[in-house]
Amino acid sequence: MTLREVLSGRSTEVAPLLLGATVAANGVSIRLTEVEAYEGPDDPASHAYRGQTARNATMFGPAGHLYVYFTYGMHHCANVVCGEVGQATAVLLRAGEVTAGLEVARERRRTERDVDLARGPARLAQALGLTRDFDGTDLVTGAVRLVLAEPPAVFETGPRVGVSKAAEVPWRYWLPGERSVSPYRAAVVRPRGTARRDPRFGAPDARL
DNA sequence: ATTGAGATTTACT
DNA sequence: GTAAATCTCAATG
C-alpha cells in the first residue's frame, strides 16, 4: 500500500497511522508522537468549516500534500492532507521527537531541553523550518517527506487541544508515555491581549 | 505548578 | 472589533 493510498482515507482513520511515522524537511527528521484529525466543512473546528479560501486551499486539494498555515500573527503549523479532492480532511502534526538533524533543530528552536524541540504544533513546524513557502508541498516527491512506520500497537485519544467547538470528539491521538507529547490545554474562553482596556478605570475585565 | 499578558495574521460579524 | 488548531516570558503559589 502506497503512502498516497493510506492517506486517501478520512483524517480520523489516517491520524493513528501517522503515529511513529517520520517527517523530514530542511535537514531535520521528526518521529511523530501526537497528531489531531480535522474533518471538512462539517467540522466546526476545521479551517475548512467556512469553505475554501486562499489560505486553506491546499486542504481542498489531493491527499499527500502539506498544508501549512500561519496563525496568531507569529506561528506556523503543518498538516497532512488526506481524503479525496474537495473533502478537505487533514491531520495536524502536533508533536514529535527529533531523530536526525539535532544540531539544526536546536539552532532553530533555542530551547533548553531537547524534548521541547517539537513539543507542540508551532514548535514542530519551527524545528522543521516550515513556513507558508512549504504549503502545498508533495510529501512523496517534494522538499518535505513523510515516511510511514508500523502502525502503533497501542495509542490513546482525547479531545483536541485549544478547540472550543466540537470539544466532545476525541480526535487527538498520541503515543502513551512519550515525553514529547504536548500538555493538554482546553480552549481559552476569552483570550486576553486583544481586548482594549484602560487601567485608569476599575477592574481589568468585568465580563468574568 | 499555574496564571496571565503580549506578539499581531487571517477570517468573519 | 473579536476570535483563533500557539508559544514565550515573567510573576506568583
Side-chain angles (χ1 to χ4, degrees), chain A residues 10-12 14-15 18 23 30 32-60 66-83 88-96 105-106 108-136 157-174 179-199 203-208:
Chain A
R10 288 161 41 105
S11 62
T12 49
V14 175
L18 295 186
V23 224
I30 289 176
L32 300 174
T33 57
E34 179 188 4
V35 298
E36 274 176 2
Y38 285 87
E39 281 296 306
D42 294 331
D43 178 2
S46 172
H47 285 176
Y49 184 53
R50 292 178 174 89
Q52 184 171 339
T53 66
R55 180 219 220 179
N56 65 18
T58 300
M59 262 189 101
F60 288 81
L66 194 70
Y67 166 46
V68 182
Y69 68 89
F70 187 56
T71 191
Y72 287 100
M74 47 180 10
H75 297 301
H76 293 277
C77 297
N79 300 248
V80 172
V81 176
C82 305
T89 169
V91 177
L92 171 69
L93 309 181
R94 280 205 60 89
R106 283 177 183 145
R108 292 199 181 112
R109 290 274 307 123
R110 293 269 162 71
T111 180
E112 290 292 317
R113 304 147 61 214
D114 285 347
V115 72
D116 288 331
L117 286 172
R119 187 169 74 150
R123 291 165 168 179
L124 183 148
Q126 188 183 15
L128 288 172
L130 298 178
T131 64
R132 280 287 284 174
D133 291 344
F134 292 83
D135 180 55
T157 69
R160 294 176 289 187
V161 174
V163 168
S164 54
K165 305 279 189 178
E168 69 284 357
V169 294
W171 286 353
R172 175 193 186 214
Y173 305 77
W174 68 92
R179 291 186 311 163
S180 59
V181 173
S182 59
Y184 176 71
R185 301 262 179 274
V188 178
V189 183
R190 287 209 53 81
R192 270 79 67 188
T194 52
R196 188 176 61 77
R197 275 168 291 155
D198 191 326
D205 195 336
R207 284 166 295 192
L208 292 175

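The model shown is predicted, which means the values in this text are computed figures rather than measured ones. Order of the sequence lines sets the chain letters (A, B, ...), proteins ahead of strands, with each chain counted from 1. As a basis for the values below, the full set of heavy atoms in this structure was taken, side chains included, without hydrogen atoms, waters or symmetry mates.
- Rounded to an integer number of Å, the gap from CZ of R113(A) to C1' of dT8(C) is 14 Å.
- Taking atom CZ of R185(A) as the reference point, atom C1' of dT3(B) lies 11 Å away to the nearest angstrom.
- Applying the side chain to side chain donor-acceptor pair (under 3.5 Å) test to E34(A) and every residue at least two apart in sequence or in another chain returns R94(A), R172(A), S182(A).
- Looking at every heavy atom in both residues, Y173(A) comes nearest to A37(A) through CE1-CB, 4.1 Å.
- The heavy-atom pair separating V91(A) from C82(A) by the smallest distance is CG2-SG, 3.9 Å.
- Scanning both residues, P159(A) and A167(A), for their nearest heavy atoms gives CB-O, 3.6 Å.
- For the residue pair G158(A) and W174(A), the shortest heavy atom distance occurs at N-CZ3, 3.3 Å.
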For nucleotides 11-13 of chain B, list the nitrogen or oxygen atoms of the protein found under 3.5 Å from its nitrogen or oxygen atoms, one pair per line.
unit_1	atom_1	unit_2	atom_2	d
dA11(B)	OP1	T53(A)	OG1	2.9
dA11(B)	OP1	R55(A)	N	3.4

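- Taking 4.5 Å as the limit, every side-chain heavy atom of E36(A) sits out of range of all side-chain heavy atoms of P121(A).
- Residues L32(A) and L124(A) are in side-chain contact: their nearest non-hydrogen atoms beyond the backbone lie under 4.5 Å apart.
- Shown here are the side chain to side chain donor-acceptor pair (under 3.5 Å) partners of R160(A), two or more places apart in sequence or in another chain: D43(A).
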Under 3.5 Å, N/O pairs linking protein and nucleotides 9-13 of chain C:
none

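- Residues meeting the side chain to side chain contact (heavy atoms under 4.5 Å, CB included) test with P44(A), sequence neighbours left out: Y49(A), K165(A), A166(A).
- Rounding to whole angstrom units, CD of residue Q52(A) and P of dT10(B) are separated by 17 Å.
- Summarising the geometry, atom OG1 belonging to T33(A) is positioned 12.0 Å from atom CG belonging to L18(A); distances are rounded to the nearest 0.5 Å.
- Paired regions of DNA chain B, where each region holds three or more successive Watson-Crick or G-U pairs whose two hydrogen-bonding distances fall under 3.5 Å, are B:1-7 with C:6-12, B:9-12 with C:1-4.
- In this structure, S46(A) and G40(A) approach most closely via the heavy-atom pair CB-O, 4.0 Å.
- Residues of residues 117-129 of chain A that place a heavy atom closer than 4.0 Å to DNA chain C, in numerical order, are G120(A), P121(A), A122(A), R123(A).
- Comparing the C1' positions of dA5(C) and dT3(B) gives an interatomic distance of 22 Å, to the nearest angstrom.
- With sequence neighbours left out, R106(A) forms a side chain to side chain donor-acceptor pair (under 3.5 Å) with E103(A), D114(A).
- Residue pairs meeting the side chain to side chain donor-acceptor pair (under 3.5 Å) criterion with at least one member in residues 115-130 of chain A, sequence neighbours excluded, are R109(A)-Q126(A), R113(A)-D116(A), D116(A)-R119(A).
- Between R94(A) and the phosphate of dT6(C), there is a side-chain N or O to OP1/OP2 separation shorter than 4.0 Å.
- By the side chain to side chain donor-acceptor pair (under 3.5 Å) test, T89(A) is found to be paired with S11(A), E39(A), residues two or more places apart in sequence or in another chain being considered.
- Nucleic acid contact class of R109(A) (heavy atoms, under 4.0 Å, all strands): sugar-phosphate only.
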Using a 3.5 Å cut-off and no angle test, enumerate the donor-acceptor pairs between side-chain atoms of residues 67-81 of chain A and protein atoms at least two apart in sequence or in another chain.
unit_1	atom_1	unit_2	atom_2	d
Y67(A)	OH	H47(A)	ND1	2.8
N79(A)	ND2	Y67(A)	O	3.3

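- Closest of all the heavy-atom pairs between R132(A) and A54(A) is NH2-O, 3.7 Å.
- Atoms CD (E34(A)) and P (dT6(C)) sit 10 Å apart, rounded to a whole Å.
- A heavy atom lying under 4.0 Å from DNA chain B marks the following residues of residues 66-80 of chain A, by number: F70(A), G73(A), M74(A).
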